[in-house]
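All values reported here derive from a predicted model rather than from experimental measurement. Computed over heavy atoms, backbone and side chain alike; hydrogens, waters and symmetry mates excluded.
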Amino acid sequence: MTSAVLDASAVLALVRDEPGADKVESHVGRAAISAVNLQEVVKELLLSGLDEPTVRELLDELRLDVRSHDVSAAYAAAGLHAQTRQYGRGLGDRSCLALALQLGVPALTADREWKKIKVSNLELELIR
């Protein structure tokens with residue numbers, strides 16, 4: 001059963017052993033992530049100097065349930081624009097939030113700005 005949806009910042013905190021990693025670690029093997037957010041994670045790790053095989057190995061160990069950003073996800077994320085635009089939330093953030101709403105589980109993030117977002121039935125959990 002899916003325990004949470006991870007934002008890119010939550011995955012990066014875990015992989016880099018940053019503050020809050022312990023909160024994310026408890027979801028390893030039970031967390032979902034949008035393919036949009038996975039792309040953000042992969043990009044950041046590649047920019048940090050890791051090669052693709054190493055990135056794949058690191059992320060495979062997390063056993064993430066990667067969910068596609070399909071037509072339904074696109075409409076759900078776009079539907080959150082009005083509630084999130086004033087806080088500067090982009091496609092990746094809305095993709096994560098929409099997936100958390102769809103699955104009915106908390107969205108985990110290191111981004112404190114997310115606490116300003118008020119969406120009915122959305123549970124947010126800051127990892128630090």
Side-chain angles (χ1 to χ4, degrees):
M1 178 177 178
T2 304
S3 61
V5 173
L6 304 181
D7 175 44
S9 64
V11 175
L12 290 168
L14 177 61
V15 171
R16 294 173 174 164
D17 197 27
E18 296 173 348
D22 57 326
K23 292 182 180 175
V24 182
E25 188 172 22
S26 66
H27 296 280
V28 168
R30 301 178 303 125
I33 189 169
S34 166
V36 173
N37 296 117
L38 179 64
Q39 176 271 321
E40 292 178 316
V41 172
V42 171
K43 175 198 68 153
E44 287 300 318
L45 294 175
L46 291 173
L47 287 174
S48 74
L50 297 176
D51 61 22
E52 187 176 324
T54 301
V55 170
R56 284 183 183 272
E57 184 179 323
L58 275 172
L59 297 178
D60 285 350
E61 289 176 13
L62 303 182
R63 301 182 317 277
L64 296 168
D65 176 9
V66 180
R67 301 291 181 105
S68 67
H69 193 76
D70 58 12
V71 172
S72 177
Y75 276 90
L80 293 171
H81 183 261
Q83 296 113 308
T84 61
R85 74 172 176 245
Q86 69 195 54
Y87 306 115
R89 304 300 86 191
L91 170 65
D93 295 339
R94 290 191 311 273
S95 180
C96 178
L97 296 171
L99 182 57
L101 283 167
Q102 176 194 356
L103 298 177
V105 297
L108 271 65
T109 184
D111 188 341
R112 293 172 193 247
E113 288 293 303
W114 281 33
K115 274 299 189 184
K116 296 176 183 175
I117 298 170
K118 303 299 180 211
V119 175
S120 181
N121 297 321
L122 176 63
E123 185 181 349
L124 298 173
E125 187 177 324
L126 293 178
I127 62 167
R128 53 179 167 225

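- The shortest non-hydrogen separation linking Trp114 to Leu124 is O-CD1, 3.0 Å.
- Proximity of a side-chain donor or acceptor of Thr84 to a complementary backbone N or O of Leu80 within less than 3.5 Å is detected.
- Val5 and Ile117 are not part of a single hydrophobic cluster, where members link through side-chain heavy atoms under 4.5 Å apart.
- In this structure, CG in Asp17 is found 13.0 Å from CG in Leu12, a value given to the nearest 0.5 Å.
- Shown here is Asp70, whose CG atom has more than 12 heavy atoms of other residues, nucleotides or ligands within 6.0 Å.
- Of all non-hydrogen atoms in Glu61 and Val28, the two that sit nearest each other are O-CG1, 4.0 Å.
- Of all heavy-atom pairs between Ser34 and His69, the closest is OG-ND1, 4.3 Å.
- Between Glu113 and Lys116, at least one side-chain nitrogen of the basic residue sits less than 4.0 Å from a carboxylate oxygen of the acidic one, meeting the salt-bridge criterion.
- Rounding to the nearest 0.5 Å places CD of Glu125 at 8.5 Å from NZ of Lys115.
- Linking Ile, Leu, Val, Met, Phe, Trp and Tyr whenever their side-chain heavy atoms come within less than 4.5 Å puts Leu50 and Leu14 in one cluster.
- Across Ala100 and Leu122, no two heavy atoms sit closer than the pair CB-CD1, 4.2 Å.
- Connection of Val55 to Val24 is established within a shared hydrophobic cluster, with ILVMFWY side chains joined at heavy-atom distances below 4.5 Å, either directly or through further cluster members.
- The hydrophobic cluster containing Leu64 does not contain Val36, counting ILVMFWY residues as joined when their side-chain heavy atoms lie under 4.5 angstrom apart, directly or transitively.
- In terms of heavy-atom proximity, Ala110 sits nearest to Arg128 at CB-NH2, 3.3 Å.
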Kindly indicate, with the supporting measurements, whether the criterion side chain to side chain contact (heavy atoms under 4.5 Å, CB included) is fulfilled by Thr2 and Arg67. CA-CA 12 Å; Thr2 304; Arg67 301 291 181 105; 4.1 Å; yes
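- Atoms CG and CE, from Asp65 and Met1 in turn, are 12.5 Å apart once rounded to the nearest 0.5 Å.
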Side chain to side chain contact (heavy atoms under 4.5 Å, CB included) between Leu59 and Leu38, worked out: CA-CA 9 Å; Leu59 297 178; Leu38 179 64; 3.8 Å; yes
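- A chain of hydrophobic side-chain contacts below 4.5 Å, direct or via other Ile, Leu, Val, Met, Phe, Trp or Tyr residues, connects Leu6 to Val41.
- Pro19 and Ile127 get closest at one heavy-atom pair: O-CD1, 4.3 Å.
- The structure places CZ of Arg30 at 13.5 Å from CG of Leu62, a figure rounded to the nearest 0.5 Å.
- Within a 6.0 Å sphere centred on CZ of Arg56, other residues, nucleotides and ligands contribute 12 heavy atoms or fewer.
- Asp7 and Ser9 form a side-chain donor-acceptor contact under 3.5 Å, judged by distance and modelled atom types alone.
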Candidate pair Val11 and Asn37, rule side chain to side chain contact (heavy atoms under 4.5 Å, CB included), full reasoning: CA-CA 9 Å; Val11 175; Asn37 296 117; over 6 Å; no
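- Between the CG atom in Leu108 and the OG atom in Ser26 there is a gap of 7.5 Å [rounded to 0.5 Å].
- Checking side-chain atoms of Ser48 against main-chain N and O of Leu45 turns up a donor-acceptor pair under 3.5 Å.
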